[in-house]
Number of protein chains: 2
Amino acid sequence: MKNRVINPNVSVDCVVFGFDTQSLKVLLIEQKAVEGMSGHQALPGDLVLNDESLDDAAARVLKELTGIEGIFLRQFHAFGDPNRVKQVQDLDWLKSYRDQPEARVITIGYYALVKMDEFQTEASSFAERVFWQDIHEIPELAFDHNSIMQRALDRLREEFENRQVGFELLPEKFTLSQLQSLYEAIEDRELDKRNFRKKVLKEKLVTALDEKQTGVVHKPARLYKLNLEVRSKSPVHGSFVTVKF
Amino acid sequence: MKNRVINPNVSVDCVVFGFDTQSLKVLLIEQKAVEGMSGHQALPGDLVLNDESLDDAAARVLKELTGIEGIFLRQFHAFGDPNRVKQVQDLDWLKSYRDQPEARVITIGYYALVKMDEFQTEASSFAERVFWQDIHEIPELAFDHNSIMQRALDRLREEFENRQVGFELLPEKFTLSQLQSLYEAIEDRELDKRNFRKKVLKEKLVTALDEKQTGVVHKPARLYKLNLEVRSKSPVHGSFVTVKF
DNA sequence: ACAAAAGTGTTCGGGATACACCCATGC
DNA sequence: GCATGGGTGTATCCCGAACACTTTTGT
């Protein structure tokens with residue numbers, strides 16, 4: 001059995017995006033309270049172990065804190081300001097949970113896209129609570145997590161413009177309007193319904209199913225699924241579903 | 001005076017691209033030989049100090065090893081395979097130059113674009129020699145530097161497609177043919193001369209100068225300079241010259 | 001005069017954009 | 001029957017791609 005040594009200088013933080021057919025959400029944790037101080041809200045993240053890769057660390061940490069596993073996490077940036085974990089409001093927490101609370105920590109940011117309703121979260125380890133927060137209503141987070149989160153969002157939008165699409169954010173069966181809402185939420189602009197449909201159908205991104213919505217108070221929409229044949233040709237490292245749009 | 005402590009677990013590596021009006025080059029060092037073993041070729045890189053940011057570390061290390069300073073380095077990826085510095089052929093070198101040769105090291109990759117002829121290199125520290133190497137003729141490098149280099153090249157090409165152009169690679173005054181060669185070298189494909197000129201001129205990326213080439217054995221070309229007004233609107237963190245093309 | 005790269009316009013097809021009305025369902 | 005989102009076609013513009021010959025210099 002390996003002795004799993006914690007590396008005091010390197011951590012990972014995960015920015016997990018979800019979509020509820022309306023707006024973009026981010027997965028946050030509330031840290032367990034320390035000595036009567038209320039816990040801060042933060043991105044799920046922790047120090048890496050010396051015998052695991054960064055990718056493995058991100059997956060492990062996310063699972064330990066939130067219960068979510070089996071999703072693809074993409075590394076997007078390393079944050080290395082020497083003072084990024086030195087703010088007073090974070091010190092008590094570090095003293096309780098870290099062997100070397102004063103250590104210089106650089107953190108590697110990962111982001112991921114998930115279908116919110118397919119994952120149930122379960123707080124554990126030092127997470128008191130796990131919750132989804134609308135990206136327009138992010139509270140003050142621990143350490144430099146607000147800027148990490150903002151950077152992840154910028155990156156998500158860049159990848160999107162780059163035609164590396166996020167079907168991960170939709171349920172398996174979806175309507176074209178839901179797909180359009182996803183594009184609109186991420187790109188933060190409105191799209192023309194007819195043009196959107198024309199493009200999606202012409203490029204065969206999706207396949208129509210013999211199924212319709214039920215229980216809606218209007219004309220029920222046709223359901224579609226992703227056509228997995230189509231892939232981007234650009235050198236992408238990892239495995240988001242990447243389609244030219 | 002600060003005590004500058006070396007962090008044994010975090011390093012930076014720099015992939016500096018240059019262009020000689022023909023092809024893309026990368027800046028490499030040859031490590032000083034250890035105990036009669038010939039030095040390996042490698043990217044310029046070293047451990048970070050505990051009181052400097054990652055960006056500062058990249059600039060410092062590049063200067064210490066190659067003499068190049070004052071260029072913009074963009075972070076592109078963190079490499080964290082637990083065994084990336086554990087190969088036998090690198091161990092002797094590590095034992096000579098590192099206090100903790102067995103330490104787990106994750107490295108942050110930076111890339112940069114420079115006008116080759118404006119920088120003169122000067123090897124120092126553990127660099128025996130500094131040289132430019134054509135990207136099609138990269139030798140076997142130390143550690144995982146071949147994959148870091150490849151990843152940087154992929155990233156350069158992505159940024160290019162993203163319309164974040166690299167005028168940094170050209171002299172201040174250049175001909176449209178040189179600009180076209182740059183695009184062709186980076187994108188690795190041929191472009192139509194007339195279409196290329198039309199696009200560049202229509203978008204006012206460049207301004208014509210009242211000057212021509214001299215000493216060439218053919219019709220002398222008009223010289224142009226970059227039009228600095230034009231900038232990309234996407235959220236770019238850093239300061240490459242980024243123009244929509 | 002000849003070699004070598006500079007410079008210059010037109011045509012065509014496809015994709016992006018703009019735009020308005022009828023349809024099926026639940027209440 | 002009415003409120004709600006679903007679903008459909010056409011005209012225009014702009015951009016990218018394809019394509020060949022004349023011009024200017026140095027030798």
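These values consider heavy atoms only, across backbone and side chains, with no hydrogens, waters or symmetry-generated copies. Each chain gets a letter, A, B and so on, in the order the sequences are listed, and its residues count up from 1. As the structure is a prediction and not an experimental result, all values here were calculated from the model.
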Between the protein and nucleotides 10-12 of chain C, list the N/O to N/O atom pairs that are separated by less than 3.5 angstrom.
from   : atom 1 : to     : atom 2 : distance (Å)
C:dT10 : O4     : B:K198 : NZ     : 2.7

Write out a two-atom table: protein N or O, nucleotide N or O from nucleotides 21-26 of chain D, distance below 3.5 Å.
from   : atom 1 : to     : atom 2 : distance (Å)
D:dT24 : O2     : B:K219 : N      : 3.0

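Atom CZ in A:R222 sits roughly 14 Å away from atom C1' in C:dA24 (whole-Å rounding). Residue B:F196 contributes atom CZ, which lies 14 Å from atom P of C:dT8 at whole-angstrom precision. What separates CD of A:Q180 from C1' of D:dG5 is a distance of 12 Å, to the nearest Å. Atom CD of A:E184 and atom P of D:dG5 are 14 Å apart (whole Å). Put simply, CG on B:L191 is 12 Å from P on D:dG16, counting in whole angstrom units.
For the pair B:K202 and B:D192, nearest-nucleotide mapping onto DNA chain D gives the more 5' position to B:K202. The 5' end of DNA chain D is approached more closely, in terms of each residue's nearest nucleotide, by A:Q213 than by the other of A:R194 and A:Q213.
Residues satisfying the salt bridge (Lys or Arg N to Asp or Glu O under 4.0 Å) criterion with A:D81, sequence neighbours excluded, are absent altogether. Residues passing the side-chain contact (heavy atoms from CB on, under 4.5 Å) test with B:Q120, sequence neighbours excluded: none. Every side-chain contact (heavy atoms from CB on, under 4.5 Å) that A:R194 has, sequence neighbours left out, goes to A:D192. Take A:K115 and apply the salt bridge (Lys or Arg N to Asp or Glu O under 4.0 Å) test, not counting sequence neighbours, and it matches no residue. For A:R197, the side-chain contact (heavy atoms from CB on, under 4.5 Å) partners two or more places apart in sequence, or in a different chain, are A:L176, A:S177, A:K193. Taking A:D55 as the reference, A:Y110 meet the side-chain hydrogen bond (donor to acceptor under 3.5 Å, both in side chains) condition, with sequence neighbours excluded. Residues that satisfy the salt bridge (Lys or Arg N to Asp or Glu O under 4.0 Å) test with B:K225, not counting sequence neighbours, are absent from this structure.
Under the 3.5 Å distance criterion, the side-chain polar atoms of B:H145 are matched with a main-chain donor or acceptor of B:L43.
The side chain of B:S177 contributes no N or O atom lying less than 4.0 Å from OP1 or OP2 of C:dA5.
Across its full length, the helix from C:dA1-D:dT27 to C:dC27-D:dG1 shows an angle of 0° between the axes of its 5 terminal pairs at either end, rounded to 10 degrees.
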### Task
Begin with the C-alpha distance, continue with both residues' side-chain angles, and end with the deciding distance and a verdict on side chain to side chain donor-acceptor pair (under 3.5 Å) for A:D144 and A:S147.
CA-CA 6 Å; A:D144 56 350; A:S147 66; 4.6 Å; no
Please tabulate, for side-chain N and O atoms in residues 216-224 of chain A, each donor-acceptor pair with protein atoms closer than 3.5 Å (sequence neighbours left out).
from   : atom 1 : to     : atom 2 : distance (Å)
A:R222 : NE     : A:L209 : O      : 2.7

Atom pairs and distances, side-chain donor-acceptor, residues 127-136 of chain A, under 3.5 Å, sequence neighbours left out:
from   : atom 1 : to     : atom 2 : distance (Å)
A:R129 : NE     : A:E30  : OE1    : 3.2
A:R129 : NH2    : A:E30  : OE1    : 3.0
A:Q133 : NE2    : A:E137 : O      : 2.5
A:D134 : OD1    : A:H136 : N      : 2.7
A:D134 : OD1    : A:H136 : ND1    : 3.1
A:D134 : OD2    : A:S23  : OG     : 2.8

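At a threshold of 4.0 angstrom between heavy atoms, the contacts of B:R197 include nucleobase atoms, whether or not backbone atoms are also involved.
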